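Comments concern the structure below.
Just so you know, residue 1 is the first one in the sequence shown, and it goes up from there. As the structure is a computational prediction, the values presented were derived from the model and not from experiment.
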Amino acid sequence: MKVFQLDTLKEKLISIVGPQNALFGERETKSYRTGIRVGFGEAVAVVLPKDLLQFWEIIKLCVSLEKIILIQAANTGLTGGSTPDGDKYDRDVVIINTLKLDQLLLINKGKQVLAFPGASLYKLEEILDPLDREPHSVIGSSCIGASIVGGVCNNSGGNLIKRGPAYTELSLYAQLNSDGKLELINHLGIDLGESPEEILRNLQESNFNFDNIINTEKKASDNTYKDRIRNFNSKTPARFNSDKRRLFESSGCAGKIAVFAVRLDTFLKSKNKKVFYFGSNNSSTLTDIRKIILSQFSELPDMTEYMHSSSFDGADKYGKDTFMIIKYLGKSIMPTLFRLKRIVDILFTLVPFMPQNIFDKFLQYLSNILPDHLPPRLRDYRLRFNHYLIIVASDTVIKDTRNLLNSLCFDKSLSDYFECIGSEAEDILLHRYVAGLAPKRSKIMNNNVSGDVLALDVALPRNCESWYEIIPDLIFENSLESFQMAHFMCMVFHWDFVLKKGTNAEKIKKEILRKLDNIGAKYPAEHNVGHLYKADEDLESFYKKLDPCNSFNAGIGQLSKNKFYVD
């Protein structure tokens, strides 16, 4: 019976998307079943729809055959949430990859955008540039290649202080109710018709009045975030994935519904912008900077990013090739590069005894022979200091930032700063941009001696001043390499550890999570629970309300993988 059903699935999927866009073999589907850092599991098919109607038809078919539906875009999730988790499912898993659904529609004279499931921030940045506007988020936290919808589903972003994490209350999505009925719910605030097919066709073909979109009180961005982080005396974190204030339909859904489009605000570019680079050997000085900015500045900087020397070195060693590719070929080349990597990796799995991850290894060896890519002043600060802040200030904030840093740098041997000139600003931001690639590349290049990658995405309480002393020595003792960085104003930290081979990763993880619980930290902060973290009560309730049948992304948050969440 099961074989017959799989034959039916295969035949009907091919009839919907064609043979080139329906993958079934172990090797052909492997890259889609493997996470960028963690996560791997079984799936009977990977499907790549070319339009929204195909996406809908695939979901309907999977529901009718009682398959688990896992939706992914660029597959850049850091906690394994966009891939299957092992093989202990009570139903077959079908992966729907949405990268071909990459359409973007500007509305309200570019003040908002409608983003389809596979649309990237790269593309949105490009189409907004002539309008002197920018997206709600920028790439560079940890996930190069991330999709806009993926960011919304995972509450990602937040490094742009005045804009906050990706959030909207306006979306178009499919949901399976408790009666097993599939519904398409249009909460975009745009009249697109009545039936699912009519709604999706009209959206796909832009068949609606762009000049007559009704204003709505529903939010298309987290417009209170900048006020929330100013409360630096609070015992609670500024933002985290299980925050009930920011769980709404597609926002924070983690793939428990199928999102067809989201409506988001865009933002005016600043007229003047300056990048400051601050270095120090005293972590408390960075805390002082944070307090003064949040309490005394009338306007906040655009961005304040922290890098520890470990993260600086990781970006330098393992991100150099990506740095140079983007610098000289542009960000838009990255999706093509990812596709090429996927093809190469698949081809080499077909050849017996060939090494794995050959594409990454080639790029790493190539980067070793390329000339130095970083500005001399950046190299100098790496020799002098262990802590760095990248402060992007615009308009009136520039003068306030300059005055603050001048007042703190009275002893140049302890703290110093410079204002970027020429290409320094671009290079420094790009260096921060590629830092998130270091853990995965480190594991690949040290595969013989490395164990698991422990990726911690932590929201510390806003009043935490001991942020540099939290990680237990036990973790460093059992790590081959470690990487530390943060979105500093909101105290969201990314601590990544490439553990030594043979290390008990679960024991190490429990040790630090216990310590984080004791200080009131929340985790994960912005990459969602995936399969690494257990969803807390609020998040579990949210997931079960969205997906009572447990048909979408089953097992997320370490919940049951079985139908109706039966243990």
Sub-6.0 Å ring centroid separation between Phe312 and Tyr381: no

Pairwise side-chain contact, [X] with [Y], heavy-atom cut-off 4.5 Å (strictly under):
X      : Y      : value
Val44  : Val94  : yes
Pro135 : Ile148 : no
Leu6   : Phe24  : no
Ser309 : Phe385 : no
Ile512 : Pro472 : yes
Leu160 : Met303 : yes
Ile519 : Trp467 : no
Pro84  : Ile95  : yes

Backbone of [Y] reached by a side-chain donor or acceptor of [X] within 3.5 Å:
X      : Y      : result
Lys320 : Ser367 : yes
Lys501 : Asn448 : yes
Asn562 : Val566 : yes
Asn241 : Asn154 : yes
Lys256 : Phe552 : yes
His527 : Thr79  : no
Asp457 : Ala525 : yes
Arg33  : Phe40  : no
Ser310 : Gln484 : yes
Gln558 : Leu532 : yes

The single option from Asp567, Asp85, Asp90 passing salt bridge (Lys or Arg N to Asp or Glu O under 4.0 Å) against Lys561: Asp85

Side chain to side chain contact (heavy atoms under 4.5 Å, CB included) against [X], all qualifying residues, sequence neighbours excluded:
X      : answer
Ile358 : Val344, Asp345, Phe348, Pro355
Glu465 : Thr287, Lys291
Ala554 : Ile68, Tyr89, Arg91, Asn550
Tyr365 : Lys361, Asn368, Met445

Does atom [atom1] of [X] have more than 12 heavy-atom neighbours from other groups under 6.0 Å away?
X      : atom1 : result
Lys515 : NZ    : yes
Lys522 : NZ    : no
Glu66  : CD    : no
Lys50  : NZ    : no
Lys100 : NZ    : yes
Phe476 : CZ    : yes

Please work out whether the ring planes of [X] and [Y] are parallel, tilted or perpendicular, with thresholds of 30° and 60°.
X      : Y      : result
Tyr277 : Phe418 : tilted
His373 : Phe323 : perpendicular
Phe483 : Tyr318 : perpendicular
Phe276 : Tyr417 : tilted
His308 : Tyr468 : tilted

Partner set under ring pair (Phe, Tyr, Trp, His ring centres under 6.0 Å) for His136, not counting sequence neighbours: none

Which pair of heavy atoms, one from [X] and one from [Y], lies closest together, and at what distance?
X      : Y      : result
Ala254 : Asn553 : O-ND2, 2.9 Å
Gly25  : Thr29  : O-OG1, 2.9 Å
Leu286 : Ser280 : CD1-CB, 3.8 Å
Pro49  : Asn97  : CD-O, 3.3 Å
Asn528 : Cys153 : ND2-O, 3.4 Å
Gln72  : Tyr32  : NE2-O, 3.1 Å

List for me each residue that meets side-chain hydrogen bond (donor to acceptor under 3.5 Å, both in side chains) alongside Asp321, sequence neighbours excluded, and say none if there are none. Arg441

First locate atom CZ of Phe488, then atom CD1 of Ile390, and finally report the distance between them rounded to the nearest 0.5 Å. 13.0 Å

When rounded to the nearest 0.5 angstrom, what distance separates CG in Leu539 from OH in Tyr543? 3.5 Å

For Ile471, which of Leu474, Asp473, Ile475 qualifies under side chain to side chain contact (heavy atoms under 4.5 Å, CB included)? Ile475

Between the side chains of Asp316 and Arg379, is the shortest nitrogen-to-carboxylate-oxygen separation below 4.0 Å, so that they form an ion pair? yes

Is it true that Asp243 and Arg239 make a salt bridge, defined as a side-chain N closer than 4.0 Å to a carboxylate O? no

